[in-house]
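Index from 1, following the sequence.
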Amino acid sequence: MNGSLHVSASVCWILLLANAALGAQGEDPQLRARFLEGVRQTARKLDQVSVHAKGVNTQDFAAVSKKARADLAEFNKKRRPEQRMDPDKARTRTFECAIRGSFTLEKTRRRNGGDRVMAKNDAYAFAIGRSPGIASYGLEFLERLHADPATDRRIEEQEEPLRGSILAAWYVLRHPLSRLVESPWFKIKEVSAVRSEGQDLVRVDFDHLVDGPDRKRDWLSDAFLVCDPARDWALKEYGGTMSEGAVRRVTIEFGELVSGFPIPSRFTILTKCFDDPKTIRRTVNTLEILRRDVPKEEFYLSHYVLPEPNFGRGWLGPWVWYLMGGIACVVIGTILARRRKARR
């Protein structure tokens with residue numbers, strides 16, 4: 001990348017830091033109490049949101065050092081062509097996502113042209129897929145909820161990035177803002193009123209120094225968040241230093257209202273590498289609202305012409321044959337796609 005890109009990325013970074021600190025008025029104990037209570041109340045109201053959106057995820061580099069280019073060249077030598085990373089080329093993925101209260105759904109397109117649906121309702125989570133040219137879906141994954149805490153946690157971890165795409169204005173890293181403020185490791189340093197672009201906002205400086213190696217992804221030090229109390233404490237930006245030393249900044253642009261809540265039209269993540277501060281990774285998510293109310297039925301297998309599971313019958317219910325058939329379809333589709341590619 002040329003020198004102007006390095007300069008512009010650095011200028012953007014400085015402006016982000018300056019904007020976050022602009023207009024701070026000092027600690028306000030009453031504002032601290034309002035912030036904490038407001039976040040808790042908003043978390044309960046977010047269960048009213050039902051929306052279906054089309055998303056575009058773009059990943060690239062805002063700046064790349066010579067060291068990063070050399071490291072990527074070595075990385076690419078050991079990878080297949082489709083796995084290689086070009087520092088000058090953005091990687092783009094499109095998807096559809098939907099939520100209805102605690103229900104979640106995501107639709108994605110596979111490389112071979114097939115599609116996949118992953119969803120969670122009040123009873124179970126599932127994934128279904130179909131290969132190109134095949135009309136019916138095959139079951140790929142099915143798990144009962146509320147039967148095993150470890151399974152529930154694993155499914156929750158898988159769905160949180162999806163919920164965080166739609167509700168980015170109330171998510172920090174990969175968890176809801178309400179969960180962050182209730183964490184025993186969440187320590188507020190200061191809560192202050194700030195004014196930015198003619199708006200009265202609230203800035204919270206904090207640390208979240210989690211304990212345990214399995215929670216390092218949630219570590220944040222010298223962190224801050226800026227939220228809008230007039231919009232149910234929706235986040236405008238946040239950032240901090242992560243456990244490995246990388247510095248992350250996230251900015252959120254509000255879009256259309258759904259059930260009174262601003263759904264982000266765009267949010268941008270900038271991550272400055274700890275061991276290579278001249279390299280900045282960038283992720284941009286954009287959302288376009290397709291529907292403001294998603295029928296409950298779309299989160300169940302029967303909507304996709306598959307039988308509903310009866311977990312009381314044990315493992316050898318009729319859906320197990322759909323699972324086997326789905327796996328077979330995926331395998332056959334992959335083999336055919338590779339053969340077509342080999343002929344070329």
Side-chain angles (χ1 to χ4, degrees), residues 1-2 4-6 8-9 12-13 16 51-65 68-69 71-73 75-99 104-119 127-132 140 158-169 171 173-174 217 237 239 246 248-256 263-273 276 278-291 330 333-334 337-338 340-341 344:
M1 258 177 214
N2 56 39
S4 62
L5 181 53
H6 288 290
S8 62
C12 289
W13 197 265
L16 276 173
V51 63
H52 174 201
K54 178 181 179 181
V56 179
N57 175 275
T58 304
Q59 299 181 34
D60 64 359
F61 290 88
V64 189
S65 69
R69 289 182 179 277
D71 290 344
L72 284 172
F75 171 87
N76 290 336
K77 289 178 182 178
K78 305 172 184 177
R79 297 295 184 272
R80 295 194 300 270
E82 66 272 15
Q83 296 175 321
R84 293 170 187 166
M85 296 177 61
D86 183 345
D88 299 315
K89 183 178 180 181
R91 291 180 295 164
T92 301
R93 180 179 71 93
T94 60
F95 60 95
E96 290 186 29
C97 52
I99 60 172
T104 57
L105 184 145
E106 181 179 27
K107 297 179 180 180
T108 54
R109 180 73 63 179
R110 288 194 165 111
R111 289 179 179 175
N112 67 357
D115 59 284
R116 191 171 196 244
V117 178
M118 295 184 293
I128 57 177
R130 59 186 175 187
S131 298
E140 299 177 359
Q158 292 173 346
E159 72 166 345
E160 279 187 335
L162 169 65
R163 298 188 67 83
S165 294
I166 299 178
L167 302 176
Y171 267 68
L173 295 181
R174 56 195 184 94
R217 287 186 299 174
E237 61 178 310
R248 175 165 291 184
R249 294 288 183 272
V250 179
T251 56
I252 301 164
E253 300 174 27
F254 298 153
E256 300 178 51
I263 302 301
S265 60
R266 176 189 181 99
F267 65 91
T268 303
I269 304 170
L270 296 176
T271 305
K272 183 184 291 186
C273 302
D276 185 7
K278 292 183 179 180
T279 295
I280 301 175
R281 292 178 177 269
R282 175 171 54 198
T283 299
V284 179
N285 257 35
T286 59
L287 283 182
E288 175 191 352
I289 295 176
L290 301 178
R291 289 181 293 170
V330 171
T334 301
R338 288 181 177 176
R340 284 196 297 268
K341 188 175 181 180
R344 295 173 188 168

- Message: Is there a side chain to side chain donor-acceptor pair (under 3.5 Å) between Thr271 and Arg248? Walk through the geometry before answering.
- Response: CA-CA 4 Å; Thr271 305; Arg248 175 165 291 184; 3.1 Å; yes
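Phe61 pairs with exactly one of Asp88, Asp86, Leu72 by the side chain to side chain contact (heavy atoms under 4.5 Å, CB included) rule, that one being Leu72.
Asn285 and Ser165 make their closest contact through ND2-OG, 3.5 Å (heavy atoms, listed as atom of the first residue, atom of the second, distance). Between Leu173 and Arg217, the shortest heavy-atom distance links the atoms CD1-O, 3.4 Å. In terms of heavy-atom proximity, Glu160 sits nearest to Tyr171 at O-CE2, 3.9 Å. The shortest heavy-atom contact between Phe75 and Gln83 is CE2-O, 3.8 Å. Closest of all the heavy-atom pairs between Ala168 and Ile252 is O-CD1, 3.4 Å. When all heavy atoms of Glu140 and Gly129 are compared, the pair lying nearest together is OE2-CA, 3.4 Å.
For the pair Arg84 (side chain) and Arg79 (backbone), a donor-acceptor distance under 3.5 Å is present. Using a distance-only test at 3.5 Å, with no hydrogens or angles considered, a donor-acceptor pair links the side chain of Thr279 to the main chain of Ser65.
To the nearest 0.5 Å, the span separating CD1 on Ile280 from CG on Asp60 amounts to 11.5 Å. For the atom pair Glu288 CD and Glu256 CD, the distance stands at 8.5 Å (nearest 0.5 Å). One finds the OG1 atom of Thr108 at 6.5 Å from the CZ atom of Arg116 (value rounded to the nearest 0.5 Å). For the atom pair OG1 (Thr286) and NZ (Lys54), the distance works out to 9.0 Å, reported to the nearest 0.5 Å. For the atom pair CD1 of Ile269 and CZ of Arg281, the computed distance is 12.5 Å after rounding to the nearest 0.5 Å. In this structure, CD on Glu106 lies 11.0 Å from CD on Glu159, to the nearest 0.5 angstrom.
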Show me the donor-acceptor pairs within less than 3.5 Å that the side chains of residues 92-99 make with the rest of the protein, sequence neighbours left out.
{"unit_1": "Glu96", "atom_1": "OE1", "unit_2": "His52", "atom_2": "NE2", "d": "2.8"}

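Every residue was checked against the side chain to side chain contact (heavy atoms under 4.5 Å, CB included) condition with Ala73, not counting sequence neighbours, and none meets it. Taking Asn76 as the reference, nothing meets the side chain to side chain donor-acceptor pair (under 3.5 Å) condition, with sequence neighbours excluded.
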